[in-house]
Amino acid sequence: MLIPISNTPRDYAWGSPTLIADLEGREPSGAPEAEVWFGDHPGSPARVHDGSERTLDAWLPAAAGEHGVPAALPYLLKLLAAGAPLSIQVHPSKEQAVEGFAREEAAGVPRDAGERNYKDDNHKPEVIVALSETFTALAGLRDIERTRALVATLGEAPGVQTLRTHLSAPDAADALRASIAWLLGEADATAIEQIVDAAASADPGEFAAELALTRSLHTAYPADPGIVVALLMNLVELRRGEAIFVPAGVLHAYVAGLGVEIMAASDNVLRGGLTPKHIDVDELLALVDFRPAEPPFLRPTPAGDGAEVFAPGIADFALGHLAAEASGSLDLRGVAIALGVAGEATITGASGAQVSLKPGQAALVTPDESPLSGDGGGEVFVATPGA
């Protein structure tokens, strides 16, 4: 079966007022439109257009067992449109999520409490592929020598000197951990302002993009310690069709642009700045991988004529891609969700069932329709369970 599904944009404050509307070819609503969820997550389940008009979280259990349909999806597919930076954040591993969820349940912390860290017992690795011509993100902690060189350009204000001292520890991971612990837990607004002011007046040189981002983050989040945490992170600019994979422990934040995102079905987020929301510094420090690393780019694997798969090698998800102006097919490992992002594509399942997708339109595809093929008339992303 190939069944159309749909959802409405979520109006988070950081959302773009135009990017999703432009993709869908409609007039903007006037409100920020941040994400459209295509999945069964109870926070915003998609609606199934099979005549029942049920939401997907109700449809799947009712259909479980037929056509290979499970009772729930292991992933959540989204359109994400960042008009302003999202909070810096990290996600737990599966083991950390199980332990943290059980701990907060035993302590009686309400699941909707602002100070709650673990909303469920699952991990939340994620992949985002750029749909806009550029997509800006922060992902992972930069090489320590490069970070020391950046901070060396900031002068001698007391806040800068304190940051420089923390960064001087011999072990790179220890230096970054100490720096972030100080920024989020001990540094006062004066120290943060001193570092931000120094960044505003520094000679841009090779760090022009990083220093410019510091200034724009200060406009959006005055005196927020996350502004300086961002100075320690890899600044990544994806071109359309490029992707990053963010596993457990990797600090990240999406800054600007439109992308298609897939993640494990979880809502576990520990925040590390650029937000008015609760920051649990101790828990964040327990989860972050402080080892410096290159940006976590994810290259697709070819899967036939015009088809490729972004596969991070986890069981929860993989993201197939059927390019426009090329015919190809994708094998499905379970229930899939196909999302049109350009042109008008007709996708066809193994039974011959078809559905046409314009940008922003999606369809549920049952496992017995594998392989799924496209006609080359448009561009489609296909979410499936992973390896």
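Note: hydrogens, waters and symmetry copies are ignored here, and every other heavy atom, side chains too, is used. What you are looking at is a predicted structure, and each value in this text was computed from that prediction instead of being measured.
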Would [X] and [Y] count as having a side-chain donor-acceptor pair, cut-off 3.5 Å?
X: Ser6; Y: Arg47; answer: no
X: Ser93; Y: Gln96; answer: yes
X: Ser44; Y: Asn7; answer: yes
X: Glu115; Y: His278; answer: no
X: Trp59; Y: Asp50; answer: yes

Query raised in the report: Hey, mind stepping through Thr346 and Gln354 against side-chain hydrogen bond (donor to acceptor under 3.5 Å, both in side chains) and telling me if it holds?
Result: CA-CA 7 Å; Thr346 298; Gln354 294 185 327; 5.8 Å; no
Minimum heavy-atom separation for [X] and [Y], please, with both atom names.
X: Ser179; Y: Leu232; result: CB-CD1, 4.1 Å
X: Tyr221; Y: Pro85; result: OH-O, 2.8 Å
X: Glu35; Y: Leu80; result: OE2-CD1, 3.5 Å
X: Ala169; Y: Arg148; result: O-NH2, 2.9 Å
X: Ile262; Y: Ala383; result: CD1-CB, 3.5 Å
X: Leu322; Y: Ser373; result: CD1-C, 4.3 Å

Requested in this report: Could you walk me through whether Lys358 and Glu24 pass the salt bridge (charged side-chain N to carboxylate O under 4.0 Å, His left out) test, one step at a time?
Outcome: CA-CA 8 Å; Lys358 295 179 180 178; Glu24 296 177 350; over 6 Å; no
Query raised in the report: Residues two or more places apart in sequence or in another chain: which of them pass side chain to side chain contact (heavy atoms under 4.5 Å, CB included) with His67?
Result: Met1, Val69, Thr366, Asp368
Report summary line: Phe207 meets the side chain to side chain contact (heavy atoms under 4.5 Å, CB included) criterion, sequence neighbours left out, with Arg146, Ala149, Leu150, Glu210, Leu211
Examine [X] and [Y] and state if one hydrophobic cluster contains both, with Ile, Leu, Val, Met, Phe, Trp and Tyr joined whenever side-chain heavy atoms are less than 4.5 Å apart.
X: Val90; Y: Val98; value: no
X: Phe317; Y: Leu131; value: yes
X: Ile279; Y: Val269; value: no
X: Phe38; Y: Leu19; value: yes
X: Val236; Y: Ile88; value: no

**Report entry** Ile195 and Leu154: CA distance, side-chain angles, deciding distance, side chain to side chain contact (heavy atoms under 4.5 Å, CB included) verdict
**Finding:** CA-CA 7 Å; Ile195 299 170; Leu154 303 184; 4.2 Å; yes
Who are the salt bridge (Lys or Arg N to Asp or Glu O under 4.0 Å) partners of [X], not counting sequence neighbours?
X: Arg240; value: Glu379
X: Glu33; value: Arg26
X: Arg291; value: Asp289

Query raised in the report: For Arg116 and Phe101, what are the C-alpha separation, side-chain angles and deciding distance, and is it a side chain to side chain contact (heavy atoms under 4.5 Å, CB included)?
Result: CA-CA 9 Å; Arg116 177 93 186 206; Phe101 180 74; 3.3 Å; yes
Requested in this report: Go through the steps to decide whether Lys119 and Glu104 satisfy the test salt bridge (charged side-chain N to carboxylate O under 4.0 Å, His left out), and finish with yes or no.
Outcome: CA-CA 9 Å; Lys119 304 297 178 64; Glu104 292 187 332; over 6 Å; no
To the nearest 0.5 Å, what is the distance between [atom1] ([X]) and [atom2] ([Y])?
X: Leu284; Y: Ile180; atom1: CG; atom2: CD1; result: 7.5 Å
X: Leu77; Y: His41; atom1: CG; atom2: NE2; result: 14.0 Å
X: Leu167; Y: Glu145; atom1: CG; atom2: CD; result: 10.0 Å
X: Ile347; Y: Leu372; atom1: CD1; atom2: CG; result: 4.5 Å
X: His166; Y: Asp174; atom1: NE2; atom2: CG; result: 13.0 Å

Report, as yes or no, whether the 6.0 Å neighbourhood of atom [atom1] on [X] holds more than 12 heavy atoms from other residues, nucleotides or ligands.
X: Glu325; atom1: CD; answer: no
X: Glu27; atom1: CD; answer: no
X: Arg333; atom1: CZ; answer: no

Decide yes or no for [X] and [Y]: does some side-chain heavy atom of the first lie under 4.5 Å from some side-chain heavy atom of the second?
X: Pro32; Y: Trp14; answer: no
X: Pro385; Y: Pro74; answer: yes
X: Pro292; Y: Leu176; answer: yes
X: Thr147; Y: Asp143; answer: no
X: Val260; Y: Ile128; answer: no
X: Pro4; Y: Val355; answer: yes
X: Val341; Y: Val380; answer: no
X: Asp188; Y: Ile192; answer: no

Query raised in the report: Only one of Val229, Leu231, Ile227 clears side chain to side chain contact (heavy atoms under 4.5 Å, CB included) with Leu217; which?
Result: Ile227
Report task. Tell me, with the steps shown, if Leu163 and Val228 meet side chain to side chain contact (heavy atoms under 4.5 Å, CB included). Result -> CA-CA 9 Å; Leu163 177 60; Val228 188; 3.9 Å; yes
Query raised in the report: Applying side-chain hydrogen bond (donor to acceptor under 3.5 Å, both in side chains), which residue pairs with at least one partner in residues 120-136 are found, sequence neighbours left out?
Result: His91-Glu126, Asp120-Ser266, Asp120-Asn268, His123-Asp316, Glu126-His252, Glu126-Tyr254
Requested in this report: Can you label the angle between the His321 ring and the Phe381 ring as parallel, tilted or perpendicular, going by 30° and 60°?
Outcome: parallel
Report task. Might you work through the salt bridge (charged side-chain N to carboxylate O under 4.0 Å, His left out) test for Lys94 and Glu99, ending with a clear yes or no? Result -> CA-CA 9 Å; Lys94 176 64 176 176; Glu99 189 279 329; over 6 Å; no
Requested in this report: Begin from the C-alpha positions of Glu294 and Arg142 and carry the test salt bridge (charged side-chain N to carboxylate O under 4.0 Å, His left out) through to its verdict.
Outcome: CA-CA 7 Å; Glu294 292 297 311; Arg142 188 191 303 106; over 6 Å; no
